Each structure stands twice: as C-alpha cells, then as structure tokens.
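Report on the structure given below.
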Amino acid sequence: MDRSRIIVTAVVLALLGAIVPIAAMFHLSWIQAVQKEHERLQLFASRAIARADISRGDATAALLQIDQFTGIHCSADHIARMRQLTINTRSTEEMGYFENGLLKCSSWGLTEGRVAQTVPDFTTRDGIAVTARMQPVMSEGHLLMALRYKDHNVLVDPVRFVDVIVDPGVQLALTTETGILLGALNGPDPARIETIIAGPDEGIDDDLLFATARGTGWIAVAAEPKSQILDSVRQQRLLLLPLGAFMAAFIIGMVVWLSRRRLSPLGELQIAVRKREFIVHYQPIVELRTGNCIGAEALVRWKRPNGSLVRPDLFIPLAEESGLITAITDQVIALVVFDLNRLLVADRSIHIAINLSATDVSTARVLPVIEKALQHTGIEPQQIWLEATERGFVDINSARSTVVRARELGHAVVIDDFGTGYSSLSYLEGLPLDALKIDKSFIDTISTNSATSSVTPHIIGMAKTLKLKIVAEGVETQAQADYLVEHDVEYGQGWLFARPMPAAEFIAYCRQAKAPA
C-alpha cells in the first residue's frame, strides 16, 4: 500500500473513529432510555394487574358472602344485606339477585320490569362470570362491569380496576384476553390497545411507547408518547457521551499512531518485505584479460507499487538495523534461483555472488536457506558465491565457522569492500577465503597522485600472497582496466563493462560477452 492510500485510509478510519463511537453512544443512550421507560411502564402495568386482582377479589368476597344468605330472597333482610355489602365493599357499585334468569331485586330494592341475565364475556377459574360492559338498571349511570356468582351479581366501576397512581402522560388500560376493554386511565385509543396486546410484551407502536402485564383473565397496558422519554434520553447522553468521546479520541490516536508507523521508513520497509516488493539487478563480473562474462553480483532493489526504485543505500542500513535484512536476503536468494536457473544450469562457468549481512555471517542461518533453495534446481553450490563486508567478520570465531561450513557446501566466500572497514592481514590469514574485492574508492585512485593511490598495489600484493582471487569494483575507465590487467587482477566489474541490469538483460549480455569456446 503506497503512501497516498495509507493517508486516505487513515483519514477515513479517523473520521469513522470520530463518528462511530459518538453515534454509538447516541444510539445506546436511546436504547437505554427506552429500556428504562419500558421498565417503568411495566411497573405501572403490573400495578394495574395487582389493583384489578384486588378489586375482583373484593367483589368476589362480597358475592361469596351474599351467597351464604339463608333467609328469604328479596326480603327486607336480604336487600339490607346486599346494601350493606355494597356499601362496605369499595369496588362495588350495586348488587343484585336473579331468579329464573331475571333480576328480581338489588341493593336498591325490588326490581320493576323485566331485566334478564347477560351472557358473560368470560368465566374465571373460580367460577365468576364476567360481563365487561352493561348498563345498570337502577342507577342508570355509566357502563359498569358485572361479576356473577350463582344467582347474585355485583356491578363494579371499571375505573376501580385501573385505580393506580401514574406519572403525567402515562396511559393505562385493562382488557380481557380477547381484547375487550375493561377500564382505562388517561384515554388510550381502544383500536391501538387491540394492536398492542396482540404483539410482544413491550415495544414502540408508531409514536407510542408501551409495555404490558398479563394476569388471570386480563391484560394491562401502560403507554406513553415517545416524546415523553426525551428527558431520559438527554440524561443518558450526558452519561454516555464522555465515554463516546474518550473512545473516539482513543481510536483516532491509534489510527494516527499506526499510520505514522506505517508511513515511517521502517513501517514502509516492513510492508515491502511482507509484500515482497524487492527485485534483483545483476552487475556483470568479467574476466579482465578476455572480457568474458563469468558471473554477476546480485544487487537488491526495492521496487515500489508505483514502479519507482529505492536506492539500496536508503534502505539497506535500516534493514540491517531492524533485522529485516535476513528476510530480504532470503527473498534475493529465491529471486536469483527463479531468474537464472536455466542460465546457471546451461553454463557451469557462471556464478552469482550474493551479499550476506553481518547476522548471516555470525549465525550461518543463511546456509540452510540456500541449500533448500537449490534443491531440485540443477544449480551447483559452487555457482553461488557468498560475499560479506568486513563488518561481517568482526566476530572472527563465528565468522570462521560460517566460512568453513559454506566452503564445505561448495560455495566460494568473498570479502567485499576490502580496505574500508576494520580488517587487517590477520583477518585474511585467519579465514579460509576464496576471493577479495577491492573497493571502488581504491580503484578510483589508480593513475592519480592521491595519498591513497599507493594502497591499491599493496592490497593486490597481499591478496596474491594469500592466493586469493581478486575482483576490482567500480572500474569505469580503460586506464583503470589496463592497470589492473598489468597487475594480474583477474576480474572486474563496473560501468566500463556494464551497469546493473534486470535478469533478462543480464542473460543476453552474458551470452553476448562470453567469448566463443
């Protein structure tokens, strides 16, 4: 992912990080406020059920008591007893006695006219027949509820069943299980009530918030307009918005931190390693006397998704410092095998030099990696040279062990950039090396009067004494090449011969530059 995509992604994530927690807290405040209101409405509905049970219990007790009357029905004593029970029972408005299905007398006295028993809407488990709505004959008041047991009945004002103290704006209703409205407080719409009791126990019906409670034979509904919960929503938001703001700040901070990490040089390098953005260019190594191409040095390049190349000096030090260099080396090995397998199998005289990090030299970790990469390819180990700078040989004992093992596997080992680090003749004498590469800075002094111009022949002489092959780096002029040939330097690489090039170009160059057998 390039920088622009990372920046765009970071901006989007930061916006989401700012918006989503706040929006979530707004939504949660609404959910919690609704839940709180549902619990409150549920409490009112439950109280209505309890109040209805009390009212029905009082009326039932009165019916059971009058049923025990043993005197003459509709006598003065009977009527007086019914009147007494009506007065003493808070929920009852009137009591009556039926004979042969007709009302004969009531707590008001003897009945004139023909008043028949009504068909009950439902009968409770204890045998009380309930008629939800009927017109009292004697009082001729508003519609009352009738409860009948055997030959007696009582009339109850439906308001008694919802005689519950509620908060302002709360509507309360009591219905039968079949939807018959028994009583109401603050006037809920009967049609709306029927819809509510047919659904779940709590919810929101259009602009109405409701909760229900179910008892024996009836259902209580408590409801209020949604506008009633705005104060509760505001209270919940005051509690939750600081949490949402903290979460938003935390998420934005994490996005900024992660983005800065990914946009940092190390972060980008980590992405490049993970996405295998590295390629290999090959700088030919030629035999100075003949001009034959005898191999190449594999030079890693970082190719960004946009096609641009990052110079090695800009990322190799960071890779070495961060430990990513080992993963990059492994990718280089795999690329060399992929790019040049056919060439190396076809021409055994060609070798490819792969640069090793100080970690690779001190731990020998890379040797099994190379061995595995070469399996079943037909490439011989001696065709893979291993190069390490002088810094890789600081731990001389570990380095010696790695060099010995590499040479046992068939690889040639080369010390790179000799003369620019900390090595000395003791390093060369203590390590079983195969070749030495003279750094470009010394080649540049050939045929000049600089103070270091005399160092080059000493390095050449030292290598000859130790019977090491010599590769001159950075050869750019014919005069330099002639000097090196004159001093019996075997190999050279540099812009005089060819610049680093992709695999296809190197293969073509190698075949063209190689002298015929």
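The first residue in the sequence is number 1, and the count goes up from there. If you're wondering where the values come from, they're calculated on a predicted model, not measured in any experiment.
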message = Would you compute the distance between atom OG1 of T212 and atom CD1 of I219 and round it to the nearest 0.5 angstrom?
response = 7.0 Å
message = So V404 and P432, do their side chains get closer than 4.5 Å, heavy atoms only?
response = yes
ask   = Tell me, do R342 and I379 make a side-chain contact under 4.5 Å, heavy atoms counted?
value = no
message = If I compare all heavy atoms of I328 with all of A319, which pair ends up nearest, and what's the gap?
response = CD1-CB, 3.7 Å
ask   = Are any side-chain N or O atoms of N186 and backbone N or O atoms of V170, one a donor and one an acceptor, separated by less than 3.5 Å?
value = yes
inquiry  = Using modelled atom types and a 3.5 Å cut-off, is there a donor and acceptor pairing between side-chain atoms of T456 and backbone atoms of F442?
reply    = yes
note = Taking every heavy atom of P457 against every heavy atom of Y483, the minimum-distance pair comes out as CD-OH, 3.6 Å
query = How about S308 and W302: do any of their side-chain heavy atoms sit closer than 4.5 Å?
reply = no
query = Can you tell me if E297 and N355 form a side-chain donor-acceptor pair at under 3.5 Å?
reply = yes
query = Can you tell if the side chain of Q171 reaches within under 4.5 Å of the side chain of V221, non-hydrogen atoms only?
reply = no
request  = For the pair K36 and R40, evaluate side-chain contact (heavy atoms from CB on, under 4.5 Å) and give the outcome as yes or no after the intermediate values.
outcome  = CA-CA 6 Å; K36 183 177 179 181; R40 190 168 70 96; 6.0 Å; no
task = Could you check if a side-chain atom of I49 sits within less than 4.5 angstrom of a side-chain atom of W218, using non-hydrogen atoms only?
result = yes
Donor-acceptor contacts, no H, no angles, side chain residues 278-286, under 3.5 Å, sequence neighbours left out:
unit_1: Y282; atom_1: OH; unit_2: D339; atom_2: OD2; d: 2.9
unit_1: Q283; atom_1: OE1; unit_2: Q493; atom_2: NE2; d: 3.2
unit_1: Q283; atom_1: NE2; unit_2: A498; atom_2: O; d: 3.4

request  = Report the distance from atom CG of L269 to atom OG of S322, rounding to the nearest 0.5 Å.
outcome  = 5.5 Å
ask   = Within the side chain of T402, is there an N or O that forms a donor-acceptor pair under 3.5 Å with the backbone of S398?
value = yes
query = Do M462 and L436 have side-chain heavy atoms sitting under 4.5 Å apart?
reply = no
remark   = Between E490 and the options K464, R289, K467, the salt bridge (charged side-chain N to carboxylate O under 4.0 Å, His left out) test singles out K464
request  = Determine whether I294 and I350 make a side-chain contact, defined as any pair of heavy atoms from C-beta on separated by less than 4.5 Å.
outcome  = no
Over 12 foreign heavy atoms within 6.0 Å of NZ, K469 = no
key: Criterion side-chain contact (heavy atoms from CB on, under 4.5 Å) on I446 and L484, from CA distance to verdict   = CA-CA 9 Å; I446 292 175; L484 295 168; 4.0 Å; yes
request  = Begin with the C-alpha distance, continue with both residues' side-chain angles, and end with the deciding distance and a verdict on side-chain contact (heavy atoms from CB on, under 4.5 Å) for I438 and I470.
outcome  = CA-CA 7 Å; I438 304 176; I470 304 173; 3.6 Å; yes
task = Report, as yes or no, whether the 6.0 Å neighbourhood of atom CD on E321 holds more than 12 heavy atoms from other residues, nucleotides or ligands.
result = no
ask   = What closest approach, in Å, do Q42 and A213 show between heavy atoms, and which atom pair accounts for it?
value = NE2-CB, 3.7 Å
task = Tell me, please, which residues at least two apart from E320 pass side-chain contact (heavy atoms from CB on, under 4.5 Å).
result = I316, I325, R391
task = Tell me, with the steps shown, if I352 and Q383 meet side-chain contact (heavy atoms from CB on, under 4.5 Å).
result = CA-CA 6 Å; I352 302 298; Q383 293 180 275; over 6 Å; no
task = Write down the atom of A373, the atom of V337, and the distance for their closest heavy-atom approach.
result = O-CG1, 3.9 Å
query = Can you tell me if CZ on R348 sees more than 12 non-hydrogen neighbours from other groups inside 6.0 Å?
reply = yes
Close side-chain approach of L41 to E202, heavy-atom, < 4.5 Å = no
request  = Check the side chains of S441 and D444 for a donor-acceptor pair under 3.5 angstrom, ignoring hydrogens and angles.
outcome  = no
ask   = Between H411 and R407, is there a donor-acceptor pair closer than 3.5 Å when you use the side chain of the first and the backbone of the second?
value = no
ask   = Which heavy atom in I443 sits nearest to a heavy atom in A472, and how many Å separate them?
value = CD1-CB, 3.7 Å
ask   = Can you name the nearest heavy-atom pair linking A503 to L340, along with the distance?
value = CB-CD2, 4.3 Å
